[in-house]
Structures are given as C-alpha cells and as structure tokens.
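Presented below is the structure to which this report refers.
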Number of protein chains: 2
Amino acid sequence: MAIKDLNVQNEKPLYIQLVELIKERIADNIWSIGMMIPSENELARELDVSAGTVKKALNVCVQDGVLFRRQGKGTFVASPDFSKSFNRFFRFASKDGEQNIPATETLVLEVIEAPSEIAEKLKITTGEKVIKYRRTRTLNGITFVVEDIYLIYETFKGFENYNLSGKFLYPIFHSDFGTPILWAKEDIHPDVADKNTAELLGIELKAPVMCIERIAYTHKDQPVEVRFSIGRGDTFRYSIIVR
Amino acid sequence: MAIKDLNVQNEKPLYIQLVELIKERIADNIWSIGMMIPSENELARELDVSAGTVKKALNVCVQDGVLFRRQGKGTFVASPDFSKSFNRFFRFASKDGEQNIPATETLVLEVIEAPSEIAEKLKITTGEKVIKYRRTRTLNGITFVVEDIYLIYETFKGFENYNLSGKFLYPIFHSDFGTPILWAKEDIHPDVADKNTAELLGIELKAPVMCIERIAYTHKDQPVEVRFSIGRGDTFRYSIIVR
DNA sequence: AAGTGGTCTAGACCACCAT
DNA sequence: TGGTGGTCTAGACCACTTT
C-alpha cells in the first residue's frame, strides 16, 4: 500500500498531504467511484499517523466533494454531482410539482473532424475525429435547452451508432466506454436567441437565453467531452445567500 | 456570560449547540462585526467543554462565513463578504489589470411611498415611506450596471440628503444609521435591455442583460434594503467546477 | 458481536503576533 | 514572554450497520 509515505519533515501539514494522496488515488483509478476506501483505523495504521489526523483529512475530502461517509458503513468515493451543474438553474417544474425526466430528441449524431475551437478544448489536434451530437431536451411540452456535444472519437468509438432516447450519457460513458466523468468545468453567460435557436426553443428572436459551456474530464484530468448548451432565459433562476 | 448553557442531555451535539449560541450572540449584537470574541480556552472554561469541541464549533462558524480566525491574534466576527455577491461576475477589469473602484452617478434620490412590491419585500405596509435611490456605476468609461435601491425611511431618515459620490453604502448604513447589513439574499435571471436601460448602459435595444434582485438584512433578520440591479450581459462571466 | 464513522476529551508541541 | 490559533496524538464512548 505504502506507495508514498507521509512526511513529517514536509512543510505541509500531514492531513493536507493525506488529502492529496487520497485525491491522487482517485484520479489514478486506484480507488474508483462508489468504492469503499479503507477505514480510518486501517489508514491510520498503514500511514502511521493518528486516527484524528486521518479523520480530519477525510472530512476535508468530504467538503471537497470527492468522498462521502456513512456512519456504521464506511467512507466511499463520490461520483460528481451534476445536480450542482448550472443546468439545475433551469426551472421547468410541471404544474403538479413532479420532477419528471426530460425527453431527448437527437438532431445530429455524426463523426466529423474537430474544428480548432473544439480541438483546443479537448487537447487534441485540429482535424482529429470527434463525434458531434446535437440534441434538444423537452419537458411538459417545453423545449428548454438545445445542446451541442463533442466527444473524442478515439475514446467513444461506436457511440455514433447509439440509439439515444432519453438516456443519461455519463453512465453510458462509464459502463460502455470505461471512461467515467470525474469532474467538469462550466462557464455561463447570457445572450439572445438567434433565428435557429429561437425556432428550436420556441421563443422569439432575440429573447434572452443562457449559454453554458462545459468541459468534462476523466482520469488524469484528461478532457473528453465539450458541451455547449443554450437554455431558455425565462426558465433560468438562481439564488444565493451572501454572508 | 452564561446566558444559556450547553447541555449534554440535548439531542444535538455540543459543538452544534455552540455554533447556534455563537450565531445568536452575533445576531443579537452581543458580539458585533469586527470584534474579537473570547479565545478558545476562555470559551472552553466558561461553557465547561473541552478546547477541541470549541475549536470544532469555531471552525464550523468560519465555514459558514460568520467568523474568521488569525493565528496568534484571535477569532473575529466577520462582515458579510459582498465580493461573493453576483456583482463580482461582472468583469470590468481595465487593460492594465488594475482593480479600480467604479464611479457612481446618482440619477434619483427621493422619498416616496412604497409600492406594494417593495413594501412586501421589506415587510412594511404599502404606502409607508421609503427612500428611492437610482444610480449607475461606471468603470473605464463603461457603465456596467444601473441600480434601483429602496430603503426603509424610518431606518435611514436623512439618507435622502446625502451627497453620494463613489461611497460604499453599507459602511454608511453601519456608522451613520447604526444598521449593519449582516446578510443578503440575491436572485438572478437574464433579460434583454429595454429602451431606457439600453441608453443608460450604452448598449443596443434588446441586448442581453442580467437582473439581480437583492434583499439585505440587519439584526433579527429584518430586511432594510431592496436593490434591483441591471448589468451588461457582455461583461457577465461565471464559472464553476462540478465534482 | 464486530466494525464503522461521530463526538468528546486532555494534552503536547508548534507558528504566529503583540508587547 | 505570554497569549493566540494550528496541528497532532491517544484514547474513551456512542450510534449505526452488517453479519
């Protein structure tokens, strides 16, 4: 187990070194998503630190969203929580308040050569093959978002032949392509609808929209997906408490 | 000091009870903003719990943004951090990267009877007096936001005669009116500029804007300010990491 | 009953800050 | 030099989960 020892001489506190060690093991797939990691006592014995130090490090990891803990059961590797994504700010609740799953319509699913903007974000060379997937998502008769998704072809070879009706992508990436999405970076800015977008979303030309750009990463911080989403502005609401 | 003892019999953990006690003391102005609170050891002695329990409670409060700690100095009551406000997502950095303070222009400063929408948010009755303050904020020649601010007249009597050039409001509220802003709730949604807004912001009609509504609270969760901000969409950028 | 994480204690030692 | 928070240890006891 002792791949790398914690070092008291190091300038960093032991529990910070331990946090980094844990994150490395997850990034390197030594501990995979959903897996139970060794108990506090085991870690303390193996790394030769006190249980309290291990506990502190684990709690930092929980705070950072990479682990979760269950009393009496153990400590587990968390999967990224896309309920925290910007997408959750598009409110499209049905009248009865039910949380239905949106329907998906595929508009485009094809293999193309990566435009330079996409290649750059995926850290591949321009012209290398990518899968382009354009779809809309609809709930209660309202199409609230249109998405352009670009995937590295080498990683997702065969995905272009999938029948994608209402399925979530990331579980498929994980199970069928051995490529779990571990984290993602999202950028958001407002815009107004162009003609094409307005038609797809059923809104007026120049109506407000929110544009979300997501780059999703797998092991070793390798980007594998770029996604541009354009959502109806009239369904976007976001609140924070400033303190 | 012993206003309220911590109780081991209580169903809640001691450190949670302590967190609640601390927040009460701040809300009730027993400990005010910027003030140093008693040290870990003092609190431990007075409340008859161990130093470790106090430390845990204090760290929770730091996490919640109500306290901050300085090694070698002490633990202090934090003031709300409006660098965490939505306004920080309007990027208006100058070319040389300097962080200049935006210039303010007052458009309206008058006492009016509260419209129902405002009265409701301030928890006063419709028609009660409020101060209306409309201003723009400009940096590097770009007017990036126009704001309508409504204040309870009873609380801020005399504010309508202030000369407000580039001053921050919340320090004035605190020093001149004895009303510190302790926290605020902000809601944000996209829209497009109407004629008036477009002129003030120097953008085209129907250009994208972001609308921020803030309700700011003082002691005992009393709302005292409502603020509607409309900012240029082309300067709004926001990023998150989803994990 | 055995193992897990959650709480709480008591104390040591260190780094930092004011005086 | 004395007081502060930051780190780390060692151990007790509890609540929860599984076998």
Side-chain angles (χ1 to χ4, degrees), chain A residues 1-2 4-23 25-26 31 34-78, chain B residues 1-2 4-23 25-26 31 34-78:
Chain A
M1 177 64 86
K4 185 178 178 180
D5 279 342
L6 305 188
N7 180 3
V8 208
Q9 312 288 22
N10 195 313
E11 76 285 359
K12 287 177 187 166
L14 285 174
Y15 78 93
I16 297 288
Q17 295 180 51
L18 182 43
V19 165
E20 289 169 354
L21 177 61
I22 290 166
K23 288 183 177 176
R25 289 192 179 175
I26 293 171
W31 292 340
M35 178 182 153
M36 176 175 161
I37 72 170
S39 74
E40 289 183 0
N41 290 333
E42 278 182 74
L43 287 172
R45 272 198 307 277
E46 286 166 13
L47 300 167
D48 198 31
V49 295
S50 81
T53 301
V54 172
K55 200 180 287 265
K56 182 153 188 181
L58 294 179
N59 284 332
V60 169
C61 290
V62 168
Q63 192 64 40
D64 291 350
V66 304
L67 295 178
F68 64 92
R69 321 190 72 185
R70 290 291 172 267
Q71 191 177 43
K73 298 186 77 172
T75 301
F76 304 82
V77 180
Chain B
M1 178 66 89
K4 185 176 174 180
D5 279 343
L6 305 188
N7 180 3
V8 208
Q9 313 287 19
N10 195 310
E11 77 284 0
K12 288 178 186 165
L14 285 173
Y15 77 93
I16 296 288
Q17 296 179 50
L18 182 43
V19 166
E20 290 169 353
L21 177 61
I22 291 166
K23 289 184 177 176
R25 289 191 180 175
I26 294 171
W31 292 340
M35 177 181 154
M36 177 175 162
I37 72 169
S39 74
E40 289 183 0
N41 290 333
E42 279 183 74
L43 286 172
R45 272 198 307 276
E46 286 166 13
L47 300 166
D48 198 28
V49 294
S50 81
T53 300
V54 172
K55 201 181 286 266
K56 182 155 189 179
L58 294 180
N59 284 332
V60 169
C61 290
V62 168
Q63 192 63 41
D64 291 349
V66 304
L67 295 179
F68 65 93
R69 320 189 70 186
R70 289 291 172 268
Q71 193 178 45
K73 298 187 74 173
T75 302
F76 304 82
V77 179

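Chain letters run A, B, ... following the sequence lines, proteins first and then strands; every chain starts at 1.
Checked against salt bridge (charged side-chain N to carboxylate O under 4.0 Å, His left out), B:Lys73 has no partners two or more places apart in sequence or in another chain. When the salt bridge (charged side-chain N to carboxylate O under 4.0 Å, His left out) test is applied to A:Glu42, no partner is found at least two apart in sequence or on another chain.
The CG-C1' distance, from A:Leu47 to D:dC8, rounds to 15 Å in whole Å. Straight-line distance from the CZ atom of B:Phe76 to the C1' atom of D:dG3: 12 Å, rounded to whole Å. Between B:Arg69 atom CZ and C:dA15 atom P the separation is 18 Å, expressed in whole Å. Put simply, NZ on B:Lys12 is 18 Å from C1' on C:dC8, counting in whole angstrom units. One can place CG of A:Leu18 at 14 Å from P of D:dT7, the figure rounded to the nearest angstrom. Rounded to a whole Å, the CZ atom of B:Arg45 is 17 Å from the C1' atom of C:dT9. Between B:Met36 atom CE and D:dG5 atom P there is a gap of 6 Å when expressed in whole angstrom units. Atom CG in A:Asn41 sits roughly 10 Å away from atom C1' in C:dG5 (whole-Å rounding).
Note on A:Ser39: every side-chain N or O is 4.0 Å or more away from OP1 and OP2 of C:dG3. Side-chain N/O atoms of B:Arg70 include none lying less than 4.0 angstrom from OP1 or OP2 on D:dT4. Distances shorter than 4.0 Å separate none of the side-chain N or O atoms of A:Thr75 from OP1 or OP2 on C:dT4. Between D:dT7 and A:Tyr15, a contact under 4.0 Å exists linking OP1 or OP2 to a side-chain N or O. In this model, the phosphate group of D:dT7 is not approached by any side-chain N or O of A:Thr53 to a distance below 4.0 Å at OP1 or OP2.
Listed nucleotides C:dT9, D:dG6, D:dC8 differ in distance to A:Pro13; the shortest reach to its side chain belongs to D:dC8. Distance from the side chain of B:Ser50 is smallest for C:dC8 among the nucleotides D:dA10, C:dT4, C:dC8. With D:dG5, C:dT4, C:dT9 as the choices, the nucleotide that has an atom nearest any side-chain atom of A:Glu42 turns out to be C:dT4.
For the segment residues 55-68 of chain B, residues with any heavy atom less than 4.0 angstrom from an atom of DNA chain D are, sorted by number, B:Lys55.
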task = Summarise how protein sits on nucleotides 13-19 of chain D as a single string, 5' to 3': B when a protein heavy atom is under 4.0 Å from the base, S for sugar-phosphate-only contact, - for no contact.
result = --BBSS-
request  = Begin from the C-alpha positions of A:Ile16 and A:Val60 and carry the test side chain to side chain contact (heavy atoms under 4.5 Å, CB included) through to its verdict.
outcome  = CA-CA 9 Å; A:Ile16 297 288; A:Val60 169; 5.7 Å; no
inquiry  = The test is side chain to side chain contact (heavy atoms under 4.5 Å, CB included); show your working for B:Met36 and B:Val77 and say whether it passes.
reply    = CA-CA 7 Å; B:Met36 177 175 162; B:Val77 179; over 6 Å; no
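Between A:Leu58 and A:Ile22, some side-chain heavy-atom pair lies under the 4.5 Å cut-off. Within the 4.5 Å cutoff, the side chain of A:Leu47 has heavy atoms near those of the A:Leu21 side chain.
Considering every non-hydrogen atom in both B:Cys61 and B:Val19, the closest pair reads SG-CG1, 4.1 Å. For B:Trp31 against B:Ile37, the heavy-atom pair with the smallest separation is CE3-CG2, 3.7 Å.
Sorted by first then second residue, the ring pair (Phe, Tyr, Trp, His ring centres under 6.0 Å) pairs that include residues 47-74 of chain B, not counting sequence neighbours, are B:Phe68-B:Phe76. Pairs of residues two or more places apart, or lying in two chains, that qualify as salt bridge (charged side-chain N to carboxylate O under 4.0 Å, His left out) and include a residue from residues 47-62 of chain B are B:Glu40-B:Lys55.
Both B:Gly74 and A:Asp48 lie close to DNA chain D; mapped to their nearest nucleotides by heavy-atom distance, the more 5′-ward contact belongs to B:Gly74.
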